[in-house]
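Below is one structure, written out as structure tokens; comments come after it.
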Amino acid sequence: MASSTLICETQPWKDLKSHVEDIKKTHLRELLGDTDRCKSMVVDFDGITLDYSRQRATPGTMDKLYNLAEAAHLKEKIDRMFNGEHINSTENRSVLHVALRAPRDAVMQSDGKNVVPDVLNVLDKIKDFSERVRNGSWVGATGKALTDVISVGIGGSFLGPLFVHTALQTDPEASKCATGRQLRFLANVDPIDVARNIAGLKPETTLVVVVSKTFTTAETMLNARTLRAWISKELGPSAVAKHMVAVSTNLTPVEKFGIDPNNAFAFWDWVGGRYSVCSAVGVLPLSLQYGFTVVDKFLKGASSIDQHFYSAPFEKNLPVLLGLLSVWNVSFFGYPARAILPYSQALEKFAPHIQQVSMESNGKGVSIDGKPLPFETGEIDFGEPGTNGQHSFYQLIHQGRVIPCDFIGVVKSQQPVYLEGEVVNNHDELMSNFFAQPDALAYGKTPEELQKENVQQHLVAHKTFSGNRPSLSLLLSSLDAYKIGQLLAIYEHRVAVQGFIWGINSFDQWGVELGKSLATQVRKQLHASRVKGEPVEGFNFSTTTMLTKYLKESSEVPANPPTILPRI
């Protein structure tokens with residue numbers, strides 16, 4: 001396929017368009033009755049089992065999807081990514097987040113240079129620094145140990161590390177290593193987020209990690225200046241160098257801010273924000289909380305999936321299978337959304353992270369060559385842990401819109417509970433739902449079955465479940481640091497596969513720029529109105545009206561206020 005040819009113009013795409021009409025005539029009840037088909041749709045790798053037999057697909061469908069992958073040059077695109085070619089063509093960059101967790105003897109090139117030694121240097125620096133903070137040899141300005149960490153960042157600098165932190169909090173090994181320590185994340189520029197983060201903390205025991213590649217991100221830097229003021233007010237300006245460090249590559253503004261450049265931890269332009277959890281962005285705050293040894297296991301888990309993704313045949317390749325099935329659901333069935341449903345409370349922040357990884361990557365309207373696409377890309381990702389979601393939005397999933405679901409289960413609970421006299425233990429109760437819900441979605445319940453149960457006639461329609469609603473199940477043997485790394489990498493690569501098939505650039509995000517640009521104009525107006533009393537001008541009627549109302553009703557805000565910090 002020539003680079004200028006859209007994937008929808010290829011024969012495999014057209015074959016799938018025809019094939020989906022046949023599949024639409026077949027119910028999942030029938031497909032699940034074929035044992036050989038179901039056996040062919042279960043794949044195991046390194047303690048993870050994928051069962052996609054509840055997808056509206058046959059072995060013939062999968063063959064056609066493999067043909068589509070070939071037409072899209074999927075293998076070549078994966079190779080190009082791992083080889084460090086500039087596949088992010090709109091920003092002229094390599095895409096090498098896999099290098100962040102590569103084995104020590106690996107060679108991964110970007111612009112003719114092996115980047116792995118640079119990665120290892122930063123990891124070694126993080127290990128040394130985090131150990132000194134944790135063992136008390138690095139102390140704050142008053143000589144007290146720094147037991148509390150606030151990581152300041154937004155988007156990929158926040159959602160990924162927060163997911164991993166939340167997942168590790170209840171892991172026995174990790175929680176033991178975190179005894180006596182706190183890790184918090186400050187992302188939103190809303191002052192309420194600042195107030196919540198500093199509530200109960202003292203500057204003298206707090207270390208702030210400012211995460212901004214350029215050290216210019218508006219929200220992050222305002223929050224960083226706020227915490228700098230909080231520290232300075234209590235301990236004096238000279239304390240900043242002992243209580244604030246940076247994850248950045250722009251050392252001049254880091255030093256100007258008051259942070260010692262020696263306490264800046266680098267990452268590179270071949271690391272996209274939403275793919276940066278395994279860089280200093282995530283590794284530094286997580287190592288401060290849990291110790292580098294735990295975080296290194298997380299990196300090794302991600303690396304195991306990287307190697308699997310790179311080398312496994314497509315029919316056994318977890319990210320490739322998941323990516324192809326997502327393309328099948330989005331582009332051929334027209335399903336607009338995907339529910340991510342982890343049956344583990346430890347994974348409560350997984351769906352919000354994947355929401356960004358997926359929607360920022362694949363929410364595109366043009367091909368990588370800039371041609372408008374005549375088909376939709378990406379899906380709306382959302383989710384909640386089971387069984388909470390069952391009491392929230394599962395009604396719609398069962399009887400409303402068709403939304404393909406990812407069910408994620410764990411064999412061994414991080415925190416098992418056993419109560420004498422109970423029919424099952426707490427984790428078995430949870431997992432009973434993990435196993436039941438996919439079948440309920442697939443099979444549904446017919447009017448005939450309801451009538452046999454003597455359901456009143458006027459309720460039959462209300463209690464009928466159409467079924468035929470696709471899902472897949474991922475079963476993890478445990479949920480330790482290694483498995484958390486694997487899960488992250490599976491979804492990162494799944495998103496890449498979808499983008500590679502659709503022929504889009506999954507590694508830029510121009511869609512976030514326009515709103516930020518317009519916000520700059522509003523910021524200037526707010527300053528002019530607050531300080532000089534200037535009227536609102538240069539906006540449309542709606543924005544002018546709302547801005548004027550906002551200014552009028554917040555007129556008590558001082559024009560040139562002294563520093564005022566929140567108190568809870």
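None of the values given here were measured: they were computed from a predicted structure. Excluded from the calculations below are hydrogen atoms, water molecules and symmetry mates; all remaining heavy atoms, backbone and side chain alike, are included.
Neither side chain, Arg184 nor Ser151, offers a donor N or O lying under 3.5 Å from an acceptor on the other. When only modelled atom types and interatomic distance are considered, Ser529 and Gln525 share a side-chain donor-acceptor pair under 3.5 Å. Side-chain contact check for Tyr482 and Asp46: at least one donor-acceptor pair (N or O, by modelled atom type) lies under 3.5 Å. In this model, no donor atom of one side chain and acceptor atom of the other lie less than 3.5 Å apart for Arg134 and Thr147. Inspection of the Thr214 and Asn250 side chains reveals no N or O donor paired with an N or O acceptor under 3.5 Å. No hydrogens or angles considered: nothing links the side chains of Thr377 and Asn362 as a donor-acceptor pair under 3.5 Å. Neither side chain, Asn92 nor Asn88, offers a donor N or O lying under 3.5 Å from an acceptor on the other. A side-chain donor-acceptor contact under 3.5 Å links Gln509 and Arg274. For Ser361 and Tyr275, the side-chain atoms include at least one donor-acceptor pair closer than 3.5 Å. A donor-acceptor contact closer than 3.5 angstrom is absent between the side chains of Ser287 and Ser130. A donor and an acceptor atom, one from each side chain of Ser304 and Gln486, are located under 3.5 Å apart. With hydrogens and angles left out, the side-chain atoms of Trp230 and Thr206 include no donor and acceptor closer than 3.5 Å. Between the side chains of Gln498 and Glu379, a donor-acceptor pair is found at a separation under 3.5 Å. Between Gln307 and Ser303, the side chains place a donor N or O and an acceptor N or O closer than 3.5 Å (distance only, hydrogens not considered).
For Ile564, the CD1 atom sits in a packed shell: over 12 heavy atoms of surrounding residues, nucleotides or ligands are nearer than 6.0 Å. Counting heavy atoms of neighbouring residues, nucleotides and ligands inside a 6.0 Å radius, atom CD of Glu255 does not exceed 12 of them. Remark: Lys300 NZ is loosely packed, at most 12 non-hydrogen atoms of other residues, nucleotides or ligands lying under 6.0 Å away. More than 12 non-hydrogen atoms from other residues, nucleotides or ligands lie less than 6.0 angstrom from CZ of Arg530. The environment of CD in Glu76 is crowded: more than 12 heavy-atom neighbours from other residues, nucleotides or ligands sit within 6.0 Å. Atom NZ of Lys349 is surrounded by 12 or fewer heavy atoms from other residues, nucleotides or ligands within 6.0 Å. Within 6.0 Å of CZ in Phe375 there are more than 12 heavy atoms belonging to other residues, nucleotides or ligands. For Lys113, the NZ atom counts as loosely surrounded, since its 6.0 Å shell holds 12 or fewer non-hydrogen atoms of other residues, nucleotides or ligands.
At distances below 3.5 Å, at least one donor-acceptor pair connects side-chain atoms of Asn540 with backbone N or O atoms of Thr543. Put simply, the side chain of His353 never gets that close to the backbone of Leu162: no donor and acceptor are under 3.5 Å apart. Between the side chain of Lys125 and the main chain of Asn262, a donor-acceptor pair closer than 3.5 Å is present. Looking only at distances, a side-chain donor or acceptor of Asp193 sits under 3.5 Å from a matching main-chain atom of Asn188. Judged by distance alone, the side chain of Asn263 and the main-chain N or O of Val245 form no donor-acceptor pair under 3.5 Å. Asn197 places a side-chain N or O within donor-acceptor distance of the main-chain N or O of Phe185, the cut-off being under 3.5 Å. At distances below 3.5 Å, not a single donor-acceptor pair connects side-chain atoms of His308 with backbone N or O atoms of Phe45.
Note: Asp269 CG to Glu91 CD = 9.0 Å, rounded to the nearest 0.5 Å. Residue Leu201 holds its CG atom at 5.0 Å from CD1 of Ile150, rounded to the nearest 0.5 Å. Atom NZ of Lys256 and atom CG of Leu251 lie 15.0 Å apart (nearest 0.5 Å).
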Item to complete: Apply side chain to side chain contact (heavy atoms under 4.5 Å, CB included) to the pair Glu234 and Glu204, showing each step before the final yes or no.
Response: CA-CA 8 Å; Glu234 286 284 325; Glu204 62 182 353; over 6 Å; no

Worksheet item: So Leu168 and Ile484, side chain to side chain contact (heavy atoms under 4.5 Å, CB included) or not? Walk me through it.
Response: CA-CA 8 Å; Leu168 286 173; Ile484 294 164; 3.8 Å; yes

Item to complete: Evaluate side-chain hydrogen bond (donor to acceptor under 3.5 Å, both in side chains) for Ser367 paired with Asp369, printing each intermediate quantity in order.
Response: CA-CA 5 Å; Ser367 74; Asp369 299 313; 4.5 Å; no

Discussion item. Let's go through Leu479 and Asp171 carefully: what are the C-alpha distance in whole Å and the side-chain angles of both, what is the deciding distance for side chain to side chain contact (heavy atoms under 4.5 Å, CB included) to 0.1 Å, and is it a yes or a no?
Written reply: CA-CA 7 Å; Leu479 193 63; Asp171 171 66; over 6 Å; no

Fill in: Intermediate values then yes/no, side chain to side chain contact (heavy atoms under 4.5 Å, CB included), Leu123 and Leu299
CA-CA 11 Å; Leu123 289 176; Leu299 296 176; 4.1 Å; yes

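A side chain to side chain donor-acceptor pair (under 3.5 Å) with Arg80 is found for exactly one of His73, Glu85, His86, namely Glu85. Under the side-chain contact (heavy atoms from CB on, under 4.5 Å) test applied with Ser248, the options Val254, Thr217, Val211 reduce to a single match, Val254.
Ring-plane geometry between His97 and Phe507 is classed as tilted, the angle between the planes lying from 30 to 60 degrees on a 0 to 90 degree scale.
A cation-pi arrangement is absent between Lys213 and Trp268 under the rule of less than 6.0 angstrom and at most 45 degrees off the ring axis. The cationic atom of Lys297 (NZ for Lys, CZ for Arg) does not lie both less than 6.0 Å from the six-membered ring centre of Tyr290 and within 45° of the ring axis.
Phe257 has its ring centre less than 6.0 Å from the ring centre of Phe215.
Classification of Asp296 and Arg101 as a salt-bridged pair fails, no side-chain N sitting under 4.0 Å from a carboxylate O. Between Asp508 and Lys364 there is a salt bridge, with a side-chain nitrogen of the basic residue lying less than 4.0 Å from a carboxylate oxygen of the acidic one.
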